[in-house]
Amino acid sequence: MTLVLTGHKPFAQGGNRLCFVHPEAPERCIKIRRPDFSLEDLRRSKGFPKNLRPLKSFDDNLEEWHVINTIAGRVGARAFEHIYRCFGFVDTDLGKGLVSELIRDHDGAISQTLKKYLWDHGLTEECQTAINTLCRFWKQEVIPSRDLLLHNIVVQQSQPGKINRLVVIDGLGSAGLVPFHWLPMTQRKKKVARKTANLHERVQTLLGQRGQDTFPGYHGLLIHDGRPESPTTDHDAHSSKQGGPGAS
Ligand SMILES: Nc1ncnc2c1ncn2[C@@H]1O[C@H](COP(=O)(O)OP(=O)(O)OP(=O)(O)O)[C@@H](O)[C@H]1O
Ligand SMILES: [Mg+2]
């Protein structure tokens with residue numbers, strides 16, 4: 001059966017994917033490839049020799065599905081404290097979609113990104129603790145990831161102003177030519193330590209931008225908060241015009 005997404009407004013979009021609330025399961029998210037930036041477009045945008053790779057090697061959904069299953073097999077259920085659960089694929093009228101856990105706050109609103117949280121609240125003590133917990137987990141479990149970007153981490157709040165956990169919803173896996181698990185453990189650990197150190201740097205960079213009037217870029221803003229009749233954001237007015245590849 002093909003699930004119809006046309007007519008549903010995505011709650012967010014990144015450089016590569018549109019994210020929808022699952023029309024039949026509000027606690028799930030469906031991610032589909034952006035129709036205006038296909039896998040062929042993505043491959044074309046890469047230089048030689050990367051552009052020789054098969055199309056499916058550029059598919060974020062496929063990679064995420066494999067990587068999350070591999071991590072879960074190694075780490076166990078604890079993996080899902082900080083990485084979102086994936087449930088598999090569904091056919092939609094906008095293409096194949098990856099079905100995953102949709103991270104929501106205590107009040108049902110879809111959780112904001114760390115980028116938006118920091119922009120709104122600054123680096124509260126509680127947020128610093130949550131970031132440290134995430135980084136400790138990343139290092140302890142030697143999680144393979146690309147750069148830990150502020151818009152690829154969401155802040156789940158368990159009650160007003162109370163952070164339950166940070167969850168990474170994109171950017172898992174490794175961009176290197178040699179598969180992560182082939183590397184010696186010392187090198188894997190070094191890579192992970194670099195990613196967590198860079199995350200702290202990114203936090204400081206964003207805090208330094210807080211003086212400016214507008215939110216930097218469109219990555220990290222929600223189009224709507226996923227509650228029935230939720231208000232749309234300013235971002236909504238611009239979202240369909242934003243094109244092109246984004247940092248992943
Ligand atoms: N499971 C989820 N729960 C809550 N919010 C989510 C979830 N998945 C995605 N989002 C929101 O949707 C946005 C875009 O999703 P995602 O990062 O997967 O898209 P992308 O196109 O792969 O991103 P990029 O531009 O980094 O390549 C995120 O920044 C986040 O705000
Ligand atoms: Mg992303």
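Just follow the structure's listing: the first ligand is 1, and inside any ligand the first atom is 1.
In this structure a side-chain-to-backbone donor-acceptor pair under 3.5 Å is present from Asn61 to Lys31. Not a single donor-acceptor pair under 3.5 Å links the side chain of Lys96 to the backbone N or O of Phe89. Side chain of Lys195 to main chain of Ile143: no donor-acceptor pair is present (N/O by atom type, distance under 3.5 Å, no hydrogens or angles). Looking at Arg202, its side chain does come within 3.5 Å of a backbone N or O of Leu148 through a donor-acceptor pair. With hydrogens and angles ignored, the 3.5 Å screen pairs a side-chain donor or acceptor of Arg43 with a backbone N or O of Arg53.
Heavy atoms of Ile110 found under 4.0 angstrom from ligand 1 belong exclusively to the side chain. Heavy atoms of Lys31 found under 4.0 angstrom from ligand 1 belong exclusively to the side chain. Under 4.0 angstrom from ligand 1, the non-hydrogen atoms of His219 all belong to its side chain. Neither the backbone nor the side chain of Val167 has a heavy atom within less than 4.0 Å of ligand 1.
Using bins of under 30°, 30° to 60° and over 60° for the plane-to-plane angle, the ring pair Phe137/His82 lands in the tilted bin.
Heavy-atom proximity to Ala12, at under 4.0 Å, picks out these atoms of ligand 1: 11 (C), 12 (O), 13 (C). In summary, the atoms of ligand 1 found under 4.0 Å from a heavy atom of Cys19, numbered by their order in the structure, are 9 (C), 12 (O), 14 (C), 15 (O). If you number the atoms of ligand 1 from 1 as listed, the ones under 4.0 Å from a heavy atom of Gly15 come out as 21 (O), 23 (O), 24 (P), 25 (O). Interface atoms of ligand 1 facing His151, defined by a heavy-atom separation under 4.0 Å, are 26 (O), 28 (C), 29 (O).
Taking 2.8 Å as the threshold, Asn152 counts as a candidate ligand of the Mg ion (ligand 2), since one of its N, O or S atoms lies below it.
When only interatomic distances are considered, the shortest N/O to N/O separation between Thr113 and ligand 1 does not fall below 3.5 Å. The N/O atoms of Ser111, backbone and side chain alike, include none that comes under 3.5 Å of an N/O atom in ligand 1. Residue Leu102 has no N or O atom closer than 3.5 Å to an N or O atom of ligand 1. Not a single N or O atom of Tyr84, backbone or side chain, sits closer than 3.5 Å to an N or O atom of ligand 1. Note: an N/O pair closer than 3.5 Å links Asn152 and ligand 1 by distance alone.
Taking the N/O/S atoms of Asp170 in turn, the shortest distance to the Mg ion (ligand 2) belongs to OD2.
Side chains of Val75 and Ile83 form no contact here, defined as non-hydrogen atoms less than 4.5 Å apart.
Checked against salt bridge (charged side-chain N to carboxylate O under 4.0 Å, His left out), Lys162 has the following partners two or more places apart in sequence or in another chain: Glu126.
Comparing Tyr218, Phe11, Phe20, Phe37 by heavy-atom distance to atom 6 (C) of ligand 1, the nearest is Phe11. Closest to atom 4 (C) of ligand 1 by heavy atom, among Asn16, Ile30, Ile103, Leu114, is Ile103.
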### Query
Going through the checks in order, is the side chain to side chain contact (heavy atoms under 4.5 Å, CB included) test met by Val168 and Leu134?
CA-CA 9 Å; Val168 176; Leu134 175 70; 4.1 Å; yes

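Looking only at atom types and distance, the side chain of Asp41 has a donor-acceptor partner in the side chain of Ser38 under 3.5 Å away.
The minimum heavy-atom distance linking Leu183 with Gln187 is given by the pair CD2-NE2, 4.0 Å.
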